[in-house]
Amino acid sequence: MQKPIKHHGVHKLELKEKKLILNKTNKNDIIKILGPPSVESKFDQEVLFFIERKITNTSTFKLGRQIIMTNNVLVVELDSYGILVKKEFYDLQKMNNINFSKNVTTVDYAKESFVYDFLTSMRQKINDPLGKRRKK
């Protein structure tokens, strides 16, 4: 018995990606070949993301246990004229080798003192003793 496969995104993304030619293919060609992007981002240049994901159950009898068979991402970068200037294809193996930054953003602020918090709370109680005033 064949296990059911759930497929999301662009079918055969790896094969279709090879049809995209740098500095020649434009945005309309890309959409014709791959369909609409999964995600579209605009910064200095336009970046399109296309995904392909196939998931299957480990067994037809065990519900809930799934295996990712295919997890591909194609990142396409276009210039201001809509021409393909960069493309990167990521499969499961390449994604597992991505190194993430260890830097941490810190919050640099001083907490108010206990006395300040207490007096603020008291002021609120004095101004609205029954707690019926609407908050803005």
Partner set under side chain to side chain contact (heavy atoms under 4.5 Å, CB included) for [X], not counting sequence neighbours:
{"X": "Lys54", "result": "Ile5, His7, Glu52, Met69, Thr70"}
{"X": "Glu17", "result": "Leu74, Lys87, Phe89"}
{"X": "Val85", "result": "Asn23, Gln45, Glu77, Asp79"}

Return the set of residues passing ring pair (Phe, Tyr, Trp, His ring centres under 6.0 Å) with His8 (not counting sequence neighbours), or none when no residue passes. none
Would you indicate whether the side-chain heavy atoms of [Y] and [X] approach each other to under 4.5 Å?
{"X": "Arg53", "Y": "Ile55", "value": "yes"}
{"X": "Val73", "Y": "Phe50", "value": "no"}
{"X": "Leu78", "Y": "Leu48", "value": "yes"}

Could you give me the CA-CA distance, side-chain angles and deciding distance for Glu14 and Lys16, then say whether salt bridge (charged side-chain N to carboxylate O under 4.0 Å, His left out) is met? CA-CA 6 Å; Glu14 190 171 10; Lys16 291 179 179 180; over 6 Å; no
Looking only at heavy atoms, which two atoms of Leu20 and Leu84 are closest? And how far apart? CB-CD2, 3.8 Å
Between side-chain atoms of residues 27-37 and protein atoms elsewhere (two or more places apart, or another chain), which donor-acceptor pairs fall under 3.5 Å?
from, atom 1, to, atom 2, distance (Å)
Lys27, NZ, Glu40, OE2, 3.0
Lys27, NZ, Glu46, OE2, 2.6
Asp29, OD2, Asn26, N, 3.4

Under 4.5 Å side-chain heavy-atom separation, chaining through any Ile, Leu, Val, Met, Phe, Trp or Tyr, what else clusters with Ile83? Say none if it is isolated. Tyr81
Where do Val76 and Val47 land on the side-chain contact (heavy atoms from CB on, under 4.5 Å) test, with the steps shown first? CA-CA 6 Å; Val76 174; Val47 180; over 6 Å; no
